[in-house]
Amino acid sequence: MLKAILAALFLFSLALGAPASRSSEPTHSARLFQAETSDGAWNAGLEIILSEGWKTYWRVPGDSGVPPQFDWSGSVNLRAVTVGWPAPRRYRDAAGETIGYLGHIVFPLRIDRLDPSTPIEVKLSLFYAVCKDVCIPAEKKLSLELAAASTSALPDRELLATFAAQIPGSATASFIPAVKSLRMRGSDKSPILEIALAAPVPSATTDMFIEGHRGAYFRKPRPVQAGASSSLFHLPVDGITAPAVLRGKQLTVTLVSGRSSLAQTLPVD
C-alpha cells in the first residue's frame with residue numbers, strides 16, 4: 001500500500017511539471033551481487049546505476065521524496081539483512097534540496113542465514129526514486145543464491161570494498177573531528193541547530209545530515225566560527241514550532257568532510 005501511494009505521488013508530481021520526452025527518460029539498472037563471507041555472514045552488495053545527471057535518495061531524502069524501500073520477505077533461510085549506507089551528498093535543484101547519490105551507488109549488505117548448512121535464497125523487492133528535474137518511481141525484483149563457497153569475481157569484491165569504505169565510521173575511527181555538542185538557538189519562527197566540532201574543518205567541503213526527529217528537516221550548515229581548536233556551524237531547521245521541541249532529544253549527525261565521514265549520536269542541549 002505504501003509503495004502504491006508513493007508511486008501515485010511521484011506520478012502526480014511528474015504530471016505537474018513539464019512532460020518528459022522518451023529521450024529524456026532515464027535508464028537505470030539494479031543488481032544484487034555476492035562477495036566473501038565474514039564472521040559467518042555473507043558480504044554482498046546492491047548496485048544501482050543511473051543515467052548521467054540522475055540521482056536517488058539517501059535514507060533521509062531532503063525536502064521531499066522517499067528513501068529506497070527494501071522488502072526481503074520472499075527470501076529463504078534468511079535471518080537478517082543489514083544495509084550499509086555510504087555517506088551521501090546534498091543537491092539543490094528547482095524542487096529544493098535533496099540528499100542522496102548521483103549516478104552510481106552500491107549499498108553494502110551483511111546477510112545472516114538461519115541454517116549455516118543450507119544455501120540462502122535472497123529475494124528483494126526494491127522500490128526507489130530516480131530523480132532529476134522530476135522524480136520517477138522505480139521497482140525491481142532481484143534475487144541471489146548464496147551457496148557454501150564464494151564465487152564472486154574480483155571486480156565485484158573491489159567494488160564492494162570501495163563503497164564499504166564510504167560508510168561513516170565512529171568518531172574514534174574517523175579522520176575528521178568529533179562533534180562536541182548540539183544546541184538549539186534562534187527563535188520560534190527561525191530555529192537553528194548549533195553544532196560544535198572538536199577541531200576546525202574546511203567549510204567548503206563539509207556537510208552535516210541530521211536524523212532523530214520525525215518531521216524536522218535540517219538545512220545545509222553554515223560556518224559561524226572557526227578557531228585553532230574548534231569550529232561552529234548553524235543549521236536552519238524546518239518542520240518544528242520552537243527550538244524547545246528538540247532540546248533533550250537524541251540526534252544522529254552524519255558529518256561528511258571531503259572523503260572522510262563519521263556518524264555520531266548526541267543529546268541536544
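Residue indices begin at 1 and follow the sequence shown. Just so it is clear, the model here is predicted, and its values are computed rather than measured.
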Show, in sequence, the C-alpha distance, side-chain angles and deciding distance for Arg113 and Arg79, and conclude whether the side chain to side chain contact (heavy atoms under 4.5 Å, CB included) test is met. CA-CA 5 Å; Arg113 54 187 167 180; Arg79 180 186 299 276; 5.7 Å; no
N-O pairing of Arg90 and Glu97 below 4.0 Å: yes
If you group Ile, Leu, Val, Met, Phe, Trp and Tyr by side-chain heavy-atom gaps below 4.5 Å, do Val122 and Val83 land in one group? yes
Can you find a heavy atom in the side chain of His28 that is under 4.5 Å from one in the side chain of Tyr128? yes
Is it true that Arg110 and Asp112 have a side-chain N and a carboxylate O under 4.0 angstrom from each other? yes
Can a salt bridge be assigned to the pair Arg247 and Asp269 using a cut-off of 4.0 Å between side-chain N and carboxylate O? no
I need the Leu144 CG to Lys123 NZ distance, nearest 0.5 Å. 12.0 Å
Are Phe163 and Ile49 joined in one hydrophobic group, where the rule is that I, L, V, M, F, W and Y side chains link up if heavy atoms are under 4.5 Å apart? no
Between Met208 and Lys220, is any pair of side-chain heavy atoms under 4.5 Å apart? no
Check whether any side-chain heavy atom of Pro108 lies under 4.5 Å from a side-chain heavy atom of Pro86, and answer yes or no. yes
Can you see which heavy atom on Gly186 is nearest to which on Pro243, and at what distance? O-CG, 3.7 Å
Derivation of the side chain to side chain contact (heavy atoms under 4.5 Å, CB included) call for Leu126 and Ile48: CA-CA 11 Å; Leu126 172 66; Ile48 298 175; 4.2 Å; yes
Do Tyr91 and Leu50 belong together in a cluster built from hydrophobic side chains that touch within less than 4.5 Å? no
His234 and side-chain hydrogen bond (donor to acceptor under 3.5 Å, both in side chains): which partner among Arg219, Glu194, Arg222, Arg183? Glu194
Of the non-hydrogen atoms in Pro221 and Asp207, which two are nearest, and what is the gap between them? CD-OD1, 3.0 Å
Are Arg89 and Phe209 packed together at the side-chain level, in the sense that at least one heavy-atom pair is separated by less than 4.5 angstrom? no
Phe218 ring center near His213 ring center (under 6.0 Å): no
Can you name the nearest heavy-atom pair linking Ser257 to Pro202, along with the distance? OG-CD, 3.8 Å
For a quick test of reading the model, state the closest non-hydrogen atom pair linking Asp188 to Ala242 and the distance between them. OD1-CB, 3.3 Å
Hey, does Val201 have a side-chain heavy atom less than 4.5 Å from the side chain of Phe233? yes
In Å, rounded to the nearest 0.5 Å, how long is the span from CG of Leu124 to NZ of Lys141? 8.5 Å
Do Phe70 and Leu78 land in one hydrophobic cluster if side-chain heavy atoms of ILVMFWY residues count as linked below 4.5 Å? yes
Looking at the rings of Tyr101 and Phe107, which for Trp means the six-membered one, are their centres under 6.0 Å apart? yes
CG-OG1 distance between Leu266 and Thr252, expressed to the nearest 0.5 angstrom: 8.5 Å
What do the steps show when you test Ile192 against Leu235 for side chain to side chain contact (heavy atoms under 4.5 Å, CB included), and what is the final call? CA-CA 5 Å; Ile192 290 170; Leu235 287 73; 5.9 Å; no
Here the gap from Asp63 atom CG to Ile99 atom CD1, rounded to the nearest 0.5 Å, amounts to 8.5 Å
Considering all heavy atoms, the nearest Glu139-Ser125 contact: OE2-OG, 3.5 Å
What I'd like to find out is whether the side chain of Val106 reaches to under 4.5 Å of the side chain of Phe33, using heavy atoms alone. yes
Is there a side-chain contact between Ile120 and Val76 (heavy atoms, below 4.5 Å)? no
Heavy-atom pair of closest approach, residues Gln69 and Pro67: NE2-O, 3.0 Å
Stepwise side chain to side chain contact (heavy atoms under 4.5 Å, CB included) test for Tyr57 and Ile105: CA-CA 10 Å; Tyr57 292 114; Ile105 179 62; over 6 Å; no
Is Ile210 close to Ile195 at the side-chain level, that is, under 4.5 Å between some pair of heavy atoms? yes
When rounded to the nearest 0.5 Å, the distance separating OG of Ser190 from CG of Asp238 is 9.5 Å
Would a distance-only check, ignoring hydrogens and angles, find a side-chain to backbone donor-acceptor pair under 3.5 Å from Ser231 to Ala199? yes
Separation between CD of Gln34 and CG of Leu160, rounded to the nearest 0.5 Å: 11.5 Å
Is Leu102 linked to Val134 within one hydrophobic cluster, defined over Ile, Leu, Val, Met, Phe, Trp and Tyr using a side-chain heavy-atom separation of less than 4.5 Å? no
